Participant: 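Below are the structure tokens for one structure; questions will follow.
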Amino acid sequence: MAAMDPGEEHTRFIEWAQSNGVNINGIAPAQFKDRGMGIVAATDIKKGDRIVHVRNTSLITVAQREIQALEFPTKTSIHARLAAYFALQHSKDGCQHRPWQDVWPSQDEFKDILPLHWSKQLQDLLPHAAAVLLTAQRSNLERDYLSIHAIHPSISRDLFTYVWLIVNTRTFYWEYPDLPNAHPRLPKKRPQLTADDCYAMCPFMDYFNHSDQGCDPKADAKGYSVTADRVYKAGEEVYVSYGSHTNDFLLVEYGFILDSNGCDSLPLDHLILSQLSSDQVQVLKEDGFYGSYTLSPTTPTLCYRTQAVVRLLTLPSRRYTAFVSGTDEGTGDQGKVNEYVIGLLVKYKRQIMEIVEEVDGLKTGVDVTTGQKDALLRRWKQVRAIVKTGIDVLSS
Ligand SMILES: C[S@@+](CC[C@H](N)C(=O)[O-])C[C@H]1O[C@@H](n2cnc3c(N)ncnc32)[C@H](O)[C@@H]1O
């Protein structure tokens, strides 16, 4: 994909970043047609070269004095604290992060790509897994907005939503360096925080786009760095991996999907949970096998949890018990399990055909942009392909 010259606000930001503890080596930001900014190799890069390092003092974490000075109530999430900090900075004269803020995506760009901003008509057409993630995202945002609104009523919902999404799409996992041994992931003096709260904003690092095969960003007490995972030729895009995410997750949390994603899978909960009796639900809960059933486009196609639940649904309970207790690998029952799942998938495939047709027929305009329709259609076609592969593999 051709990269374009990013423009002068990016040149200004790079100068700002370099004078603020960011060491850049052989890479540069570039503008892409379909995914905003990204990072390209400015020269040939060798595997193992450290291409960027961001000093720990340049990260924005809640341990920072300016953020601590805002004296948030203890229950305020880290996400909310960071968002509130950036909201308060946003319109301030002499805001110290201005060159960084100037290269972030605009509110309008978010409105196009993030399902949170899509029309209800489109949200209702999201795959089940994406809809579940969207509901959770909406409720986290609401919780955070209300907690900040109570102490900073001047921050509008619009601005808060924007900076909250900036934090959501641009934070890195940050293990606070001064962690006590007993709770290796909890920042000292903040025992109420959980590992999920260990986030940092990281200038320049947030230019990298995601690939399931990208470089792995590493953090240590000195800061954050990215090392080349392979050789890159000058001009090639360099990606990092944001984690092992499915395309439903990437769509809802980041506003894009990958054409090829080795971490993709399809949750089957919406097909399976409704089949369970209340006794079966209880058994599964007691055994720790309730929910999180997945179908994967790679082998094994069915995850262990799915193998377990389908045994409970289709076999005498002693066969299920033998399987989950490990006394029987369950190979003899595999045909019956596969047959049951195929039945569910064939029914689901018919529903998918109808949804694909409906999405394909959507008229584009104010409520449905071409980009939104395209992303949704591509995702449904991927779901259809996973289901088809599942049926083929289980039938063979
Ligand atoms: C950390 S930022 C990366 C820089 C961003 N592209 C920008 O313009 O500033 C994450 C956002 O980049 C975009 N993105 C990241 N990886 C992508 C990919 N492989 N394809 C399309 N968009 C991607 C998504 O909009 C995502 O929310």
Side-chain angles (χ1 to χ4, degrees), residues 1-7 9-14 16-17 22 24 27-40 51-52 54 59-60 79 82-83 86 97 99-118 130 133-134 137 141 161-174 199-217 224 226 229 236-264 369 371-372 374-376 378-379 382:
M1 179 80 48
M4 295 168 280
D5 182 6
E9 69 274 26
H10 295 275
T11 312
R12 258 200 317 273
F13 167 64
I14 297 297
W16 177 88
V22 180
I24 304 162
I27 54 171
Q31 177 84 46
F32 290 85
K33 204 160 153 254
D34 63 343
R35 51 179 174 274
M37 298 299 296
I39 290 287
V40 292
I51 51 181
V52 61
V54 182
L59 305 176
I60 309 297
H79 198 149
L82 291 172
F86 283 115
H97 309 298
W100 188 15
Q101 279 176 208
D102 286 348
V103 300
W104 288 344
S106 66
Q107 255 166 310
D108 282 346
E109 285 169 73
F110 277 170
K111 286 190 172 144
D112 198 31
I113 65 170
L114 289 170
L116 182 78
H117 284 307
W118 289 4
L133 290 163
L134 179 61
Q137 185 187 71
L141 169 61
T161 301
Y162 171 63
V163 285
W164 193 90
L165 290 170
I166 285 286
V167 172
N168 205 48
T169 52
R170 304 180 89 82
T171 41
F172 285 80
Y173 189 80
W174 174 247
Y199 297 129
M201 288 283 285
C202 198
F204 189 87
M205 289 273 297
D206 58 351
Y207 264 142
F208 282 98
N209 286 320
H210 165 81
S211 158
D212 57 337
Q213 312 266 329
C215 309
D216 187 18
Y224 243 106
V226 176
D229 60 327
E236 234 187 297
E237 180 161 9
V238 184
Y239 297 92
V240 300
S241 166
Y242 298 174
S244 307
H245 298 313
T246 65
N247 274 355
D248 289 315
F249 184 93
L250 292 174
L251 178 59
V252 172
E253 301 296 341
Y254 294 100
F256 71 95
I257 58 174
L258 294 174
D259 286 332
S260 157
N261 181 359
C263 303
D264 205 12
T369 68
Q372 293 167 350
D374 179 53
L376 193 56
R378 277 168 57 225
R379 182 56 186 149
Q382 292 176 342

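Note that the structure is a prediction, hence the values are computed from the model and not measured. Hydrogens, waters and symmetry mates are skipped; everything else that's a heavy atom, side chains included, is used. Whatever order the structure lists them in is the order used to number ligands and atoms, beginning at 1.
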Participant: In the protein, which heavy atom is nearest to atom 21 (C) of ligand 1, and how far is it?
Facilitator: R35 CB, 3.2 Å

Participant: Nearest protein heavy atom to atom 12 (O) of ligand 1, by residue and atom, and its distance?
Facilitator: N209 OD1, 3.2 Å

Participant: In Å and rounded to the nearest 0.5 Å, what is the SG to CD1 distance from C215 to I27?
Facilitator: 9.0 Å

Participant: Answer yes if the side chains of T246 and D264 hold a donor-acceptor pair under 3.5 Å, and no otherwise.
Facilitator: no

Participant: Does ligand 1 come near enough to H210 that some N or O of the ligand is less than 3.5 Å from an N or O of the residue?
Facilitator: yes

Participant: Looking at D112, is its backbone amide N or carbonyl O close enough to the side chain of Q372 to form a donor-acceptor pair, meaning the two atoms are under 3.5 Å apart?
Facilitator: yes

Participant: Taking only residues two or more places apart in sequence or in another chain, which ones pass side chain to side chain contact (heavy atoms under 4.5 Å, CB included) with S211?
Facilitator: Q213, Y239

Participant: Using a 4.0 Å cutoff against the non-hydrogen atoms of L258, which atoms of ligand 1 qualify?
Facilitator: 19 (N)

Participant: I need the atoms of ligand 1 closer than 4.0 Å to a non-hydrogen atom of G36, numbered in the order shown.
Facilitator: 8 (O)

Participant: Would you indicate which of Y242, Y239, Y207 comes nearest to atom 11 (C) of ligand 1 when only heavy atoms are counted?
Facilitator: Y242

Participant: With a 4.0 Å cut-off, would you call E109 and R35 a salt bridge?
Facilitator: no

Participant: Going by heavy-atom distance to atom 18 (C) of ligand 1, choose the closest among F172, F208, F256.
Facilitator: F256

Participant: Can you list everything that forms a ring-ring contact (aromatic ring centres under 6.0 Å, His included) with F204? Sequence neighbours excluded, please.
Facilitator: Y207

Participant: Against heavy atoms of I113, which atoms of ligand 1 measure under 4.0 Å?
Facilitator: 25 (O)

Participant: Check whether any side-chain N or O of E253 sits under 3.5 Å from a backbone N or O of D248 as a donor-acceptor pair, and report yes or no.
Facilitator: no

Participant: Among protein heavy atoms, which lies nearest atom 7 (C) of ligand 1, and at what distance?
Facilitator: M37 N, 3.6 Å

Participant: When rounded to the nearest 0.5 angstrom, what distance separates CZ in F208 from CE in M37?
Facilitator: 12.0 Å

Participant: Can you sort out which atoms of ligand 1 are near R170, meaning under 4.0 Å from one of its heavy atoms?
Facilitator: 2 (S), 7 (C), 9 (O)

Participant: Considering only heavy atoms, which of V103, T169, D206 lies nearest to atom 4 (C) of ligand 1?
Facilitator: D206

Participant: Applying a heavy-atom cut-off of 4.0 Å, say which part of Y254 lies close to ligand 1: side chain, backbone, both or neither.
Facilitator: both

